[in-house]
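First comes the structure, then the notes that go with it.
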2 protein chains.
Amino acid sequence: MSPSLLERLQARGYRLTAQRRAVAQVLEGENVHLTADEVLDQAQALLPEISRATVYSTLQQFTEMGELRELSLDGRSKRYDPNIAPVHHHLVCESCGSVFDVAHGIKAPTLPAAQHHGMAITSAEIVYQGTCADCR
Amino acid sequence: MSPSLLERLQARGYRLTAQRRAVAQVLEGENVHLTADEVLDQAQALLPEISRATVYSTLQQFTEMGELRELSLDGRSKRYDPNIAPVHHHLVCESCGSVFDVAHGIKAPTLPAAQHHGMAITSAEIVYQGTCADCR
DNA sequence: CTGAGTGCAAAACATTTGCATACAT
DNA sequence: ATGTATGCAAATGTTTTGCACTCAG
């Protein structure tokens, strides 16, 4: 089994506090795509005194460290995905906003240089939109 | 040439006011991906008394009518794309948020039914991320 | 005319920031 | 110890809403 988020943070020598451990623990697992607010809720269940500002700043740091991927799938709030190892895409329910991972192996087509508009491309992500079973 | 946004609205018998005409006019053209706030700015240049609430509600209606496509490309604010005819994808600058269209012809791979997670898929959009010429 | 559209201001969210205090290393 | 992380509360940015007034059809 691959190292957990918490283990990866320790391995980096990252300063660990109870708050950061709570955030890491909430984000452990497969197919996890929580908003900052959901992370706050679940982290407060583990550690009641954790504050909103700390959750936001911790999520921002984990993202900058490359330990989380920030997803902007609807116009409302960002979601955080701890599944960073393989590049993978997402399915989004247009009705309730729930998110599923697409197993790796599906690859976005490479964009011909003529279409780069002068940009240096670093990644490509596909968002499949539709309606989930619950919303139908 | 294909009918303009304004012409399409007229053809639907949609009730037209000076405000709605201003919003439609601002969104005319190719490679336009404005935020609500940018639409407000430009619409106020045409019609100083237009209000923020009207711009938001008009954009929402145009989107529901299928005359605009709402893009959630960064976590900040939605952008509105009047180019709805062909399905097309986008290039986004991670630094400044500017957006370019990818010419049609590029298609996202079809997702095998086994990966649908019970969802009914309606569309697939690719977001290519990178850094634009100006930001380098 | 008349219901739908508009402006205004306030509310509802999402996120960020400044600063004094607490704590991991 | 010491510098960084945290909590609090206020600020910022985006979008929505309630309500009285206006106007397109």
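Chain naming here is simple, since letters A, B, ... match the order of the sequence lines and numbering starts at 1 in each. Heavy-atom basis, side chains included; hydrogens, waters and symmetry copies ignored.
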Determine, using the 4.5 Å side-chain heavy-atom cutoff (strictly less than), whether [X] and [Y] are members of one ILVMFWY cluster.
{"X": "A:V55", "Y": "A:L16", "result": "yes"}
{"X": "B:L5", "Y": "B:V39", "result": "yes"}
{"X": "A:L71", "Y": "A:L91", "result": "no"}
{"X": "A:F62", "Y": "A:L6", "result": "yes"}
{"X": "B:V127", "Y": "B:I106", "result": "no"}

Could you tell me whether the side chain of A:L40 reaches within less than 4.5 Å of the side chain of A:T35, counting heavy atoms only?
no
Qualifying residues under side-chain contact (heavy atoms from CB on, under 4.5 Å), relative to [X], sequence neighbours excluded:
{"X": "B:A43", "result": "B:A22, B:V26, B:I50"}
{"X": "B:E70", "result": "B:T63, B:K78, B:Y80"}
{"X": "A:S98", "result": "A:C93, A:C96, A:F100, A:C132"}

Residue pairs involving [range] (criterion salt bridge (charged side-chain N to carboxylate O under 4.0 Å, His left out); sequence neighbours excluded):
{"range": "residues 9-32 of chain A", "result": "A:R12-A:E67"}
{"range": "residues 80-101 of chain A", "result": "none"}
{"range": "residues 35-57 of chain B", "result": "B:D37-B:R52, B:E38-B:R79"}

Please give, in whole Å, the distance from D:dA9 C1' to A:R52 CZ?
13 Å
By nearest-heavy-atom nucleotide on DNA chain D, the more 5' of A:V55 and B:Y14 is A:V55
Examine D:dT15: is either OP1 or OP2 under 4.0 Å from a nitrogen or oxygen in the side chain of B:Q60? Give yes or no.
no
Please report the end-to-end axis angle for the helix from C:dC1-D:dG25 to C:dT25-D:dA1, five pairs per end, rounded to 10 degrees.
40°
What's touching nucleotides 18-22 of chain D from the protein side, N or O pairs under 3.5 Å?
none

I'd like the 5' and 3' limits of the part of DNA chain C contacted by chain A, with heavy-atom contacts below 4.0 Å.
C:dA14 to C:dT25
Quick check on A:R8: does its CZ atom have over 12 non-hydrogen neighbours (other residues, nucleotides or ligands) under 6.0 Å away?
yes
Please list, in numerical order, the residues of residues 31-49 of chain A that have a heavy atom closer than 4.0 Å to any atom of DNA chain D.
A:E49
Quick one, which residues of residues 65-81 of chain A touch DNA chain C with a heavy atom under 4.0 Å?
A:R76, A:S77, A:K78
Is there any side-chain hydrogen bond (donor to acceptor under 3.5 Å, both in side chains) pair reaching into residues 121-136 of chain B, and which pairs are they, with sequence neighbours excluded?
B:H90-B:E125
Strictly by modelled atom types, are A:T54 and A:S51 linked by a side-chain donor-acceptor pair under 3.5 Å?
yes
